[in-house]
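Beneath this line is the structure, given in structure tokens, with notes to follow.
Reckoned from all heavy atoms, side chains included, excluding hydrogens, waters and symmetry mates. Predicted model, so just to flag it, every value in this text is computed and none were measured.
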Amino acid sequence: MHTHAPLIIDVAGFELTDADRQRLAHPLVGGIILFGRNWQSREQLTALCAQVKEVREDLLIAVDHEGGRVQRFRTDGFTHLPPMAAFGQLWLSAPARGECEGGSAMRATNAATAAGYVLGAELRACGVDLSFTPVLDLDHGESSVIGDRSFGRDPRMVAVLAQALMHGLRTSGMGNCGKHFPGHGFVKADSHLAIPVDRRSLKAILADDAAPYGWLSASLDAVMPAHVIYPKVDSRPAGFSARWLQEVLRHRLGFTGAIFSDDLSMEAARHIDGRGVSFTEAALAALGAGGDMVLLCNQSVVEGGAPIDEAIEALSKALVQGDWVPNPASEERRQALLPQGPAMDWDLLMVSARYMQALSLIP
């Protein structure tokens with residue numbers, strides 16, 4: 001039993017190399033995040049996931065698979081899901097002929113549940129444990145990186161549709177991860193490339209963009225903070241801020257699930273308090289602020305994965321020197337994200353009544 005395995009890493013290809021296996025076997029590594037470069041076919045993906053579980057059964061296999069433009073697997077039978085904005089548009093559409101007022105909203109909610117089920121069931125049939133979804137960001141009309149990934153502008157609508165999507169995921173046996181706390185939709189800059197700054201007050205953010213997190217505190221299994229600075233609350237990006245993660249998210253909003261950092265290779269994660277930081281410094285800052293797991297993405301393709309090896313070695317050294325103390329509660333939250341019960345076989349899934357009915361509901 002590992003006391004805390006916080007590192008979520010990636011691999012470069014369609015199957016594991018010996019170096020991948022060695023990294024995944026390290027007790028500080030808790031899982032893997034998959035990308036489009038890891039996809040060739042369903043058969044190949046299923047074999048890759050099986051290889052990961054052969055290394056350690058408790059490793060969490062995750063992916064960014066939301067629908068729309070953020071969907072890693074799109075061919076060989078995978079349903080090409082619509083962006084979440086499609087459900088918001090259905091919610092706001094005129095009632096069908098003979099339908100009561102609010103009927104469109106109810107149909108949108110049902111469709112979101114159907115999409116969550118299809119999303120989760122297809123991934124689980126191939127061996128994937130978790131998708132980093134739903135997006136809880138509000139669409140303020142300014143952010144190109146969020147845009148139609150958002151259900152819409154109204155936090156109430158976003159919360160209800162996200163709840164519905166999470167119910168579908170749960171029905172498939174998959175957990176959920178709301179992102180990007182406390183909200184990435186207000187700022188124009190893309191945190192992959194720059195350091196976004198949101199100058200609103202805490203009161204304004206809690207009343208608007210962060211509201212879904214409080215309303216969904218009993219449903220969210222995991223949360224991913226934004227690499228955004230909110231200077232009226234803290235000088236650090238939310239993912240490195242104890243005020244945001246512990247004081248606001250945990251204590252004020254009542255969230256009890258797992259906290260993932262967003263990708264630590266993003267530009268906005270490489271600067272804390274006005275200075276450039278290494279992966280290891282960023283990881284220690286995220287864990288020290290109250291995070292449970294940290295994502296090191298796209299580093300397996302850099303110098304044969306040297307940045308991953310350096311991060312593992314540096315975190316091991318920090319552990320020995322007492323600069324980082326493992327958190328058994330974090331490990332419990334990580335393991336709670338592993339699916340409960342077996343996944344349905346793909347061929348059986350394709351002909352199941354629930355799956356076919358869910359497909360018919362997706363706009």
Side-chain angles (χ1 to χ4, degrees), residues 34 39 42 45-46 49 60-91 93 103-136 148-152 157-179 212 215-216 218-224 257 336-363:
L34 301 173
W39 165 259
R42 280 190 293 108
L45 176 64
T46 304
C49 291
L60 183 70
I61 303 175
V63 66
D64 278 320
H65 196 89
E66 304 166 8
R69 57 195 156 99
V70 182
Q71 181 172 334
R72 303 304 183 210
F73 318 132
R74 300 166 178 262
T75 55
D76 199 13
F78 267 93
T79 302
H80 193 179
L81 297 161
M84 295 302 100
F87 301 98
Q89 290 160 5
L90 178 57
W91 175 295
S93 66
S104 298
M106 294 300 96
R107 280 188 288 114
T109 303
N110 199 33
T113 297
Y117 177 73
V118 169
L119 189 163
E122 289 181 354
L123 288 175
R124 288 210 60 210
C126 295
V128 178
D129 298 324
L130 179 72
S131 175
F132 292 118
T133 190
V135 169
L136 298 180
D148 66 1
R149 294 168 66 192
S150 168
F151 288 106
M157 180 181 77
V158 169
V160 172
L161 289 174
Q163 174 81 278
L165 185 93
M166 293 190 295
H167 178 62
L169 290 171
R170 185 89 63 200
T171 305
S172 77
M174 181 175 283
N176 59 70
C177 179
K179 61 188 186 185
W215 294 331
L216 297 173
S219 306
L220 285 165
D221 296 316
V223 161
M224 181 179 288
L337 294 171
L338 293 165
Q340 304 300 311
M344 186 178 290
D345 172 80
W346 182 279
D347 291 336
L348 292 177
L349 177 67
M350 292 299 106
V351 297
S352 70
R354 170 175 274 169
Y355 176 82
M356 290 190 290
Q357 195 257 351
L359 275 182
S360 73
L361 294 171
I362 298 174

Mind checking whether Lys179 and Glu66 have side chains closer than 4.5 Å, heavy atoms only?
yes
Can you tell me how far the OG1 atom of Thr109 sits from the NE2 atom of His167, to the nearest 0.5 Å?
11.5 Å
Please answer whether the main-chain N or O of Ser172 pairs with a side-chain N or O of Arg124 as donor and acceptor at a distance below 3.5 Å.
yes
Does some side-chain heavy atom of Leu119 sit less than 4.5 Å from a side-chain heavy atom of Gln71?
no
Nearest atoms (heavy-atom pairs only) where Cys126 meets Arg42
SG-CG, 4.1 Å
Residues in ring pair (Phe, Tyr, Trp, His ring centres under 6.0 Å) with Trp215, at least two apart?
none
Specify the closest pair of heavy atoms between Gly152 and Val158, including all atoms of both residues, with the distance to one decimal.
O-CG2, 3.4 Å
Atom CZ in Arg107, atom CH2 in Trp91: separation rounded to 0.5 Å?
12.5 Å
Give me the atom names and distance for the closest heavy-atom approach of Ser93 to Ser104.
O-OG, 3.0 Å
Quick one: pull up CG in Leu337 and CE in Met174 and give me the separation to the nearest 0.5 Å.
11.0 Å
Side-chain contact test, heavy atoms from C-beta onward, threshold under 4.5 Å: evaluate it for Phe151 versus Val135 and give yes or no.
no
What distance separates Leu169 CG from Cys177 SG, expressed to the nearest 0.5 Å?
11.0 Å
If we ignore hydrogens and angles and just use 3.5 Å, is the side chain of Arg170 paired with the main-chain N or O of Ser219 as donor and acceptor?
yes
Spatial distance of atom CZ (Arg354) from atom CG (Leu359) [nearest 0.5 Å]:
13.5 Å
Any idea how Phe78 and Phe73 line up, ring-wise: parallel (<30°), tilted (30 to 60°), or perpendicular (>60°)?
tilted
Looking at every heavy atom in both Leu90 and Ala111, which two are closest together, and how far apart are they?
CD2-CB, 4.2 Å
Least distance between heavy atoms, Met166 atom then Leu220 atom
SD-CD2, 3.7 Å
Test salt bridge (charged side-chain N to carboxylate O under 4.0 Å, His left out) applied to Asp64 and Arg149, step by step
CA-CA 12 Å; Asp64 278 320; Arg149 294 168 66 192; 5.9 Å; no
Has the side chain of Thr113 got a donor or acceptor atom that lies under 3.5 Å from a matching backbone atom of Gly168?
no
Report yes if some heavy atom in the side chain of Leu45 is under 4.5 Å from a heavy atom in the side chain of Asp76; otherwise report no.
no
Partners meeting side-chain contact (heavy atoms from CB on, under 4.5 Å) with Ala358 (sequence neighbours left out):
Ala114, Tyr117, Val118
What is the minimum heavy-atom distance between Ala343 and Ala125, and which atoms define it?
CB-N, 4.2 Å
Residues 79-88, side-chain donor-acceptor partners within the protein, below 3.5 Å, at least two apart:
unit_1 : atom_1 : unit_2 : atom_2 : d
Thr79  : OG1    : Glu122 : OE2    : 2.6
Thr79  : OG1    : Tyr355 : OH     : 3.4
His80  : NE2    : Arg74  : NH1    : 2.6

Just by distance, do the side chain of Asp129 and the backbone of Pro339 share a donor-acceptor pair under 3.5 Å?
no
Within the structure provided, determine whether Leu130 and Asp221 are in side-chain contact (heavy-atom separation under 4.5 Å).
no
Look at the side chain of Ser131 and the backbone N and O of His65, then say whether any donor-acceptor pair between them is shorter than 3.5 Å.
yes
